[in-house]
Amino acid sequence: MDKKLKLEIYRKMLLSRRLEERIAELIKAGQAGGFMHPGVGQEALQVAAIAALRPDDYLLYAHRGVAYWVARGIPIEKILCDLAGKEGGTNHGKGGVMRVVYPQLGVLGESGTLGGCFPIAAGAGLSIRVKGEDKVVLCFFGDGTSNRGTFHEALNLCAVRKLPVVFLCENNGWAVSTPTEKSTAVKDIAMRAAGYNVPGKTVDGNDPEAVYDAVKEAVDRARQGNGPSLLEGKTYRLWGHWVGDPEDYRSREEVEKHWRSDPLPRFEEKLAGEKILTEKIKAEFEAEAMATIDRAVEFSRSQPHPKPESALDDVFA
Amino acid sequence: MDKKLKLEIYRKMLLSRRLEERIAELIKAGQAGGFMHPGVGQEALQVAAIAALRPDDYLLYAHRGVAYWVARGIPIEKILCDLAGKEGGTNHGKGGVMRVVYPQLGVLGESGTLGGCFPIAAGAGLSIRVKGEDKVVLCFFGDGTSNRGTFHEALNLCAVRKLPVVFLCENNGWAVSTPTEKSTAVKDIAMRAAGYNVPGKTVDGNDPEAVYDAVKEAVDRARQGNGPSLLEGKTYRLWGHWVGDPEDYRSREEVEKHWRSDPLPRFEEKLAGEKILTEKIKAEFEAEAMATIDRAVEFSRSQPHPKPESALDDVFA
Amino acid sequence: MRKITYAEAIREALIEEMRRDPSVILYGEDVANFGGIFRVSAGLKDMFGDERVFDSPISENALVGGGVGAALTGLRPVVELQFADFLFTAGDEVVLKAGMWRYGHGGAYAIPLVVRCPSGATGVGPEHGQCPEAFFMHAPGLKIVSPSNPADAKGLLKSAIRDNNPVLYFEHKLLYATRGEVPEGEDVLVPLGKAAIAREGDDLTLVAISAMVPKALKAAKRLAAEGHSVEVIDPRSLVPFDRETIIESVKKTGKIVVAEESYKTLGVGAEIGAMLMEQALEYLDRPLRRVAIPDVPIPTAAVLEAFVLPNEEKIYQACRELLA
Amino acid sequence: MRKITYAEAIREALIEEMRRDPSVILYGEDVANFGGIFRVSAGLKDMFGDERVFDSPISENALVGGGVGAALTGLRPVVELQFADFLFTAGDEVVLKAGMWRYGHGGAYAIPLVVRCPSGATGVGPEHGQCPEAFFMHAPGLKIVSPSNPADAKGLLKSAIRDNNPVLYFEHKLLYATRGEVPEGEDVLVPLGKAAIAREGDDLTLVAISAMVPKALKAAKRLAAEGHSVEVIDPRSLVPFDRETIIESVKKTGKIVVAEESYKTLGVGAEIGAMLMEQALEYLDRPLRRVAIPDVPIPTAAVLEAFVLPNEEKIYQACRELLA
Ligand SMILES: Cc1ncc(C[n+]2csc(CCOP(=O)(O)OP(=O)(O)O)c2C)c(N)n1
Ligand SMILES: Cc1ncc(C[n+]2csc(CCOP(=O)(O)OP(=O)(O)O)c2C)c(N)n1
Ligand SMILES: [Mg+2]
Ligand SMILES: [Mg+2]
């Protein structure tokens, strides 16, 4: 990973973190008008993985946080408009922030039912294959979601038809209040690759370089026509399942332990050690993030709500 | 496996074979009134596996053939009545021969949608566990069916809760007209066990002893509270998918090759070699099979059709 | 009489039935450790142990199908889906397994299964806010209940658990916090298949389902102030469906409005309309009015959601129109 | 005009549309190697290659959901389910993905997907013999067609493939072998949303769906011999639904019978009844009659199946009753 890419990943991780902090404030103050599953702690995995894509590749993100969209380059103000159900977002209030969509960058949207993404990803892979393109599909999902039947059906279909799809599990140790080991029979989700005869690899999801390398390898493989892969990044959900989650199902110690491997300061220190990130750049990134977010909040506040009767639009094309 | 058990397995394999031959005749002559997926060639797997169960265990058979029922001891005449949709069967014309049911021997029935059996099996396992019983569930399924999402969900659920369920795949190389390798990403279905951290084992499904030993081991393990297993017997569908299948999708050579490992003569020779099966016993078994089948056909012919208005019964308990 | 919330009433029913019958179990995503994402089952794991109350993987097919398998073999499972919408995720298990296993096997088994389905639009969009009762009312072999108040929530859930058939139990999320009088006593049941007359009246029959009942009652009150006597009927159970009570009412009033949070086309109101056209045509003196979602998915933004959802005002207007 | 079978008509439509548009693909279980278990797609793999026509695993969720994903990204997939009943197996993918992806994402994408669903009772029991149109007619975002003859089968399938929305295309198994005139020409379409008047008449409106149309026509003929003029309407497409044609007919006849192979409660007849009660109450001079399956699963044995299925005689009797 070159210096420029490292800095870019760091910048997007930071922007995502700051954006989620602001969104949490807005939600707590009753000013956001929306609902959000925060991704704090998982930004390294999300940003670094998406850095391995080409602009014309397809992305199916998961339900956790904003970093996917920040990484892909969707304007922040659009995200905030979607959160608030305002015009000026990507879905005109129809789907909220859980359904950010951006066809220009291959962002296909999100399934409200977990695991709904897997067949969609396979289908996008099918398209690529039939059209003879060299695009790739990246499909994120949680550890808990790996227990949906659609995971199995889609992995198998992609494997038998060698479709260019990279499945990337964000294993953050929890599904709402249920720890992974109580719901999931394998320690590493990537072990499930054996059921489909595809490469499976588990990496430290809080290490952007490890993530980038693994995803890049899988993406290249898919692009060359060699079929799907199943990757897993180990990470941790530092915040609650949603903003406001009482979190009475897990211990403070456990959470605090994981704050010590928060990927943001960790990457910061690493880049500082490598003399890539200076205090000056850091300060600039922080200032830029704040300014971007402020502007976006302003924009979203100034945007109108969709016209009520527009609720009847968009059912059919 | 002791001598008595070997003979018993042989007897039931033979009876099943003769019964299917008769059913095929009846169907071709338009005299059966029903629809059937023949199991010719798979009797070793079906009969030997079921021999490893206790009478109070639960059974979810698959859609292929009669040997499951013969093995479990369901009276032949009931099977024929179900085939013909007559009274005197097990489901009073409601479900046909695809839904033979026998609560007395834990035979739970069949799902018309393939893979519907997996969650049902898990649920029966849950019952056993909650009630603190030491029963076991045996769930048969085809190679093609292993690609249903329910397979994944049920295996995982059984594994995390250590439910006493043995999943047994009859890998016969085909799903209707689709060869296993075209639909299924792994060579051995048992490799999928890795995705659930449970024992997985592939055996020669045409060798009743190998099947019995593997199933017995898995059943014992389940009975002792050590959870589920995934087994696979390699076998071959010697006849078409249904009686009347044109079979224009596979070569005669392939089929003929597999007739040479037909488990019935193979086991016959083995038992003859071991001096367990004499010509006399064999003749007795043949005669007994024919007599039983003749009686059963007679019985089924003599049975009335269900009363038309009984179609309205049994929706609710 | 003491007042408790709808959520508390559900919880009480669960506790009483689990105490009464060791074959009742409860499972679903986050029901044990967390007490359910709506906290309806808080504390039950501690009361009944983690064999009878447990968290499951995110595997709706296995949850519902597992419930069928457990019911076939002697348990009375109560399965919680996090959102009623996930019934579609388990479509085969709900419609073909729960609904048809008994029939297809000639009555050899009963399936005493309850699936708890939190329903209703709350700003969470098309896949977490539906009231999908009408889809399943078309499916043979399933019983369906949709309580509108705490007393019915408790009494119907207890009946559902004791029933020997699969029951889809729809608990409306916006009702969880509503309070109402709930009689004590472990054998106070509300029978499946008996509508309630929530308010008597002579001029118009207003059938309202689930969270529409309180809104219908408010509309009826407004109309009363204007001199119109509206009879509000709460079917409570959609299968079995108490057709008699509605038909009798319409024979008296000659007018009918149906208010529901279903999509309009083939919502419950369609069956009511057709049934009346079959059995009470000569008594109908005004057209049917259906207050329902206008055949669009449920949008997320509040202004859009409000536009498509039925509410007190829309119910009031529909009644006014017929009473004019 | 040349006569071909319903199955041949479907096959022709597939061939013509695949020739016309390289983004049309066909997949499903056994559609390629075998040409489909009903052999409707025989030979297509050889014509279009195994990238565009292929056999899939037994994975209904992945098939339908994959179709949505492929449609989102520029293909026009035609997915064959072996039996219409398997729509439930892919419940989430059909109702929430195909039906709502576009809406939930504010219209960002179109979903030009066709799901071919062989329907109808043929002695194969509760899970292989349903006509489940009415379930999906309640679901927003899905178009639904049910052709009753070869010409419509071809023309509607071509329209469905060219449509930019998800279409559930129900092909009744008992119609596959029926023959009828089918015009030639690759641009002969039958529009979605336009009912056909299969026979004109003045005394009674008989709406019949799919395989019920030929039976309704026979019943109408018998009634004609007795001096009754029955108008037979074939809606052909259930979403969009040509309400106008039915309402106009009833305004003329004052009487309506609906014949369908759905379960009666909340079958298509329920919507027709409710719609008429809303929009044509003053024209109705006789009660509604619905000829449908009496809310039981479909039994396997011939005598039982015949008892629950609608047929010519039951249709005839229902009409007679109203004409008396
Ligand atoms: C089919 C389905 N089941 C349940 C839910 C409710 N739900 C939303 S998020 C969530 C937990 C997901 O866990 P995981 O996949 O590990 O992702 P994480 O939230 O940890 O990022 C659940 C159960 C859903 N949306 N869809
Ligand atoms: C969900 C579902 N999809 C498709 C079918 C139709 N079908 C019946 S048998 C069969 C092939 C099954 O193959 P396999 O599991 O290998 O079992 P085999 O027939 O080889 O014994 C198919 C596709 C079905 N009944 N259910
Ligand atoms: Mg997680
Ligand atoms: Mg097979």
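All values reported here derive from a predicted model rather than from experimental measurement. Values below: every heavy atom of this structure, side chains too, minus hydrogens, waters and symmetry copies. Each chain gets a letter, A, B and so on, in the order its sequence line appears, and its residues count up from 1.
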inquiry  = Please classify the contact between B/D245 and chain D as side chain, backbone, both or neither, with a heavy-atom cut-off of under 4.5 Å.
reply    = side chain

Close side-chain approach of D/D295 and B/V315, heavy atoms under 4.5 Å = no

ask   = For the atom pair CD1 (D/I58) and CZ (B/F151), what is the distance rounded to the nearest 0.5 Å?
value = 13.0 Å

inquiry  = With a 4.5 Å cut-off on side-chain heavy atoms, are B/P246 and D/R39 touching?
reply    = yes

ask   = What part of B/L312 gets closer than 4.5 Å to chain D, counting heavy atoms only: side chain, backbone, both or neither?
value = both

note = Most heavy-atom pairs under 4.5 Å with chain D, out of B/N147, B/V97, B/T184, B/D82, belong to B/N147

Residues, nucleotides or ligands: over 12 heavy atoms within 6.0 Å of D/K314 NZ = yes

inquiry  = Out of D/V124, D/V308, D/T300, return the one with the most heavy atom pairs under 4.5 angstrom to chain B.
reply    = D/T300

ask   = Which atoms of B/K307 come close to chain D, meaning under 4.5 Å heavy atom to heavy atom: side chain ones, backbone ones, both, or neither?
value = backbone

Part of B/S146 within contact of chain D (heavy atom distance under 4.5 Å) = neither

inquiry  = Less than 4.5 Å to any heavy atom of chain D: does that hold for the side chain of B/H241, its backbone, both, or neither?
reply    = neither

inquiry  = Within the 4.5 Å heavy-atom criterion, are D/F307 and B/S310 side-chain neighbours or not?
reply    = no

Beyond-backbone contact of B/T178 with D/P57, side-chain heavy atoms, under 4.5 angstrom = no

request  = Report yes if some heavy atom in the side chain of B/K94 is under 4.5 Å from a heavy atom in the side chain of D/L304; otherwise report no.
outcome  = yes

inquiry  = Among D/G35, D/G125, D/S59, which residue has the highest count of heavy-atom pairs closer than 4.5 Å to chain B?
reply    = D/S59

inquiry  = Just so I know, are the side chains of D/E127 and B/E110 near enough to count as touching, which here means a heavy-atom distance under 4.5 Å?
reply    = no

inquiry  = As an exercise: rank B/E309, B/H305, B/K182 by heavy-atom pairs under 4.5 Å with chain D and give me the winner.
reply    = B/E309

message = Do D/H128 and B/M98 make a side-chain contact, defined as non-hydrogen atoms from C-beta onward lying under 4.5 Å apart?
response = no

inquiry  = Quick check: do D/F83 and B/T113 have side-chain heavy atoms less than 4.5 Å from each other?
reply    = no

key: Largest heavy-atom contact set with chain D, pairs under 4.5 Å, which of B/D248, B/D314, B/D313   = B/D248

request  = Using a cut-off of under 4.5 Å on heavy-atom pairs, state which of B/G85, B/S183, B/S177 scores highest against chain D.
outcome  = B/S177

